[in-house]
Amino acid sequence: MSIAAQEPGAASRARPFPANWPARLGWMALAAYTVYAASLFQLTWERFVVGLDNGAKFIGRMLPPLLDKWALLARGLSESLEIAIISTVIGVAIAMPIGLFAARNMMPPWVTWPARGLIALCRSFHPVIVAILFVKAVGFGALAGIMALIVASIGFIAKLFAEAIEEISLKQIEAVRATGAGFANVLIMGVQPQVLARFIGFSTYQLDSNLRNSTMVGIVGGGGIGATLFTAFQRFDYDFVLTILICIIAMIMVGEVLSGWVRRTFQ
Amino acid sequence: MTVRTNGVEGAAESRALVLRKLSKEYVRGKPVLRDVSIAFAGSGLTAIIGPSGTGKSTLIRCVNRLVEPSAGEILFLGQDLARLRGRALRGARRRIGMVFQEYNLVERLTALENVLCGRLGYVSPLRAWLRRFPQEDIDAAFDLLEAVGLADRAGQRADALSGGQRQRIGIARALMQRPDLLLADEPTSSLDPKTSVEIMELIVDLAGQRGIPVIVNIHNVELARRFAQRVIGMTGGSVVFDGPPDALRDEHLKQIYGGEAWL
């Protein structure tokens, strides 16, 4: 009995669900560390209440939202939209071949490794850091923002494309290959139909994400509504800040609705 | 075990297929096919029977090189298919149609597009992408859809079809290649008994009309007896029976499948 209980897959009638001590210890360690880390920053209730007080004043100064800088607002928003769309289109276009090259079921290792390295490089920094690098490299303005978001799009989309291609049914590919089709035709009639809907899904998700990020690259000098927002913060124009925030929320929500509609169309 | 060559010399120009000492090892030292030599005539249906895991699928996948043989020759249409690479291999594959156990249709393409996949060895990528197939191919595809009884399903996506319908599309796709040989790997194993017979009849009729020889893996002995002109029994990677269906006796089946309780 005791010998059988040690074998993997064995369970005894008396204790069919034995305790998993390594997992329990792991959870306890996580809880203990969280409490310890919080104590380091003196995250006390009093500190929170002081913060709330300050927050109430801040919100008070935001209301009512300022409604007379429409030209500035419209310029910032349209620039953010342009940054988002340009960077998504170019980023997805570059990510598609890289994703294919990174798919281990389609390409030999000497192709997938460099492609995977490039993807890892694109993913290793947050878009803000990439945006700062490009602002330093090519100067202030939308170009730096676009380039930063292209890099982010490549990293994200190429990785998901590669994974989608690696999950396709090889039986369908086998049948297309058996007809004597060349590699390009296998891609067009065997691979593409299997991954198109997911590619569309990833791309519209990336457009959503770039729309959000396009408001952010402006803060570090990459153009768009973020620049307007940052200036408003620095000038303590909190009422204008609120207007900008509301507009960004509206833009993101419209984007969500549109991309959901696109995804349904390509199901 | 002697290799039958009846009808093969006379049909040298024809669609005969000769396997010589074909071997396959997926893992070194564990052969799945052991020096298999078979001459297939240039017409008629040959059934390969045998238990699961005995190398039947490997054997027919070696013929169109979906599986790389470890050694041996595959002589078809005047060339050794085992030696072909790249463009020449794709050229040879165009001449060989294949029907699969699980149909292997591209699920998100329509029935018509799946049938037209049979022309992908001939159509350029740009034309395939834009779906600008030559009109004669489109006509042929509709004719085949009609022949398999699915003309009204041309625009339906493959994943909306039943198993029997999918296999009909699979047959149409294989014949769309205008092949010189039709391989069928367990074409009825995923289907109910009635549909299985219908599918076998369809294969025999359509290939017969076109004079295409058929090699079919099948583990249903009754279907093999009913539709084949020749039965090859395999076990453990070797041929242990080769003859007309009438010659197949219980002792052969015992040797092929092992045991006798099921007989």
Side-chain angles (χ1 to χ4, degrees), chain A residues 89 92-97 99-101 103-111 160-204 262-267, chain B residues 57 60-61 63-67 84 86-110 113-131 133 157-159 166 169-170 173-179 182-183 185:
Chain A
V89 170
V92 168
I94 299 174
M96 270 201 281
L100 174 66
F101 290 148
R104 282 168 293 200
N105 56 348
M106 287 285 133
M107 292 287 168
W110 60 269
V111 178
L160 290 178
F161 277 7
E163 281 171 6
I165 293 174
E166 286 179 352
E167 284 166 16
I168 62 175
S169 154
L170 290 178
K171 294 188 168 193
Q172 300 175 31
I173 302 301
E174 182 186 45
V176 178
R177 276 177 62 212
T179 67
F183 184 69
N185 276 347
V186 171
L187 287 183
I188 290 165
M189 296 295 269
V191 178
Q192 190 250 42
Q194 294 194 58
V195 294
L196 180 67
R198 294 187 69 189
F199 278 17
I200 299 282
F202 297 149
S203 301
T204 53
V262 170
R263 274 192 286 265
R264 271 195 303 283
T265 310
F266 282 91
Q267 255 316 304
Chain B
S57 279
I60 74 165
R61 279 181 161 72
V63 173
N64 61 359
R65 293 274 302 281
L66 291 178
V67 166
L84 298 182
R87 183 177 293 272
L89 173 60
R90 291 198 295 275
R93 277 186 181 146
R94 298 195 305 199
R95 314 301 314 150
I96 303 173
M98 186 157 179
V99 177
F100 297 84
Q101 175 175 354
E102 291 171 53
Y103 332 123
N104 294 20
L105 302 183
V106 183
E107 297 281 311
R108 283 171 171 270
L109 293 182
T110 64
E113 285 170 323
N114 268 293
V115 175
L116 284 167
C117 278
R119 299 312 291 171
L120 285 181
Y122 300 89
V123 174
S124 72
L126 185 67
R127 293 196 109 185
W129 189 45
L130 299 173
R131 303 292 191 270
F133 288 88
R157 238 164 61 168
D159 52 12
R166 288 183 201 201
I169 299 295
R173 173 175 63 189
L175 294 174
M176 191 69 204
Q177 291 172 236
R178 295 189 201 101
L182 183 62
L183 305 173
D185 185 24

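Values reported hereafter were calculated over all heavy atoms of this structure, with side chains retained and with hydrogens, waters and symmetry mates removed. All chains are named by letter (A, B, ...) in the order of the sequence lines, taking the proteins before the strands, and each is independently numbered beginning at 1. Here the structure is a predicted model, which means the values were calculated and not measured.
With a 4.5 angstrom heavy-atom cutoff, B:Arg61 touches chain A only via side-chain atoms. Using a 4.5 Å cut-off between heavy atoms, B:Ile96 touches chain A through its backbone atoms (N, CA, C, O) alone. Looking at B:Arg173, only its side chain comes within 4.5 Å of chain A, counting heavy atoms on both sides. Proximity to chain A (any heavy atom under 4.5 Å) is shown, for B:Glu107, by both the backbone and the side chain. Heavy atoms closer than 4.5 Å to chain A are found nowhere in B:Arg119, neither backbone nor side chain.
A pairwise comparison of heavy atoms in A:Ala181 and B:Arg90 identifies O-CD, 3.4 Å as the closest pair. Counting all heavy atoms, side chain and backbone alike, B:Met98 lies closest to A:Ala178 at CB-CB, 4.5 Å. Residues A:Asn185 and B:Ala128 come closest through the heavy atom pair OD1-CB, 3.6 Å. For the pair B:Asn104 and A:Glu174, the tightest heavy-atom approach, listed with the atom from each and the gap, is ND2-OE1, 3.3 Å. Taking every heavy atom of both residues into account, A:Pro193 and B:Leu109 meet most closely at CG-CD2, 3.5 Å.
Crowding of A:Phe101 atom CZ: a count of heavy atoms from other residues, nucleotides or ligands under 6.0 Å not exceeding 12.
The greatest number of non-hydrogen atom pairs below 4.5 Å with chain A, out of B:Leu66, B:Val99, B:Val123, B:Asn64, is found for B:Leu66.
B:Cys117 contributes atom SG, which lies 14.5 Å from atom CZ of A:Arg177 (distance to the nearest 0.5 angstrom). Rounding to the nearest 0.5 Å gives a distance of 12.5 Å between OG of A:Ser169 and CZ of B:Arg108.
Considering only heavy atoms from C-beta on, B:Arg131 comes within 4.5 Å of A:Ile188 through its side chain. The side-chain heavy atoms of A:Met189 and B:Trp129, taken from C-beta on, include no pair separated by under 4.5 Å.
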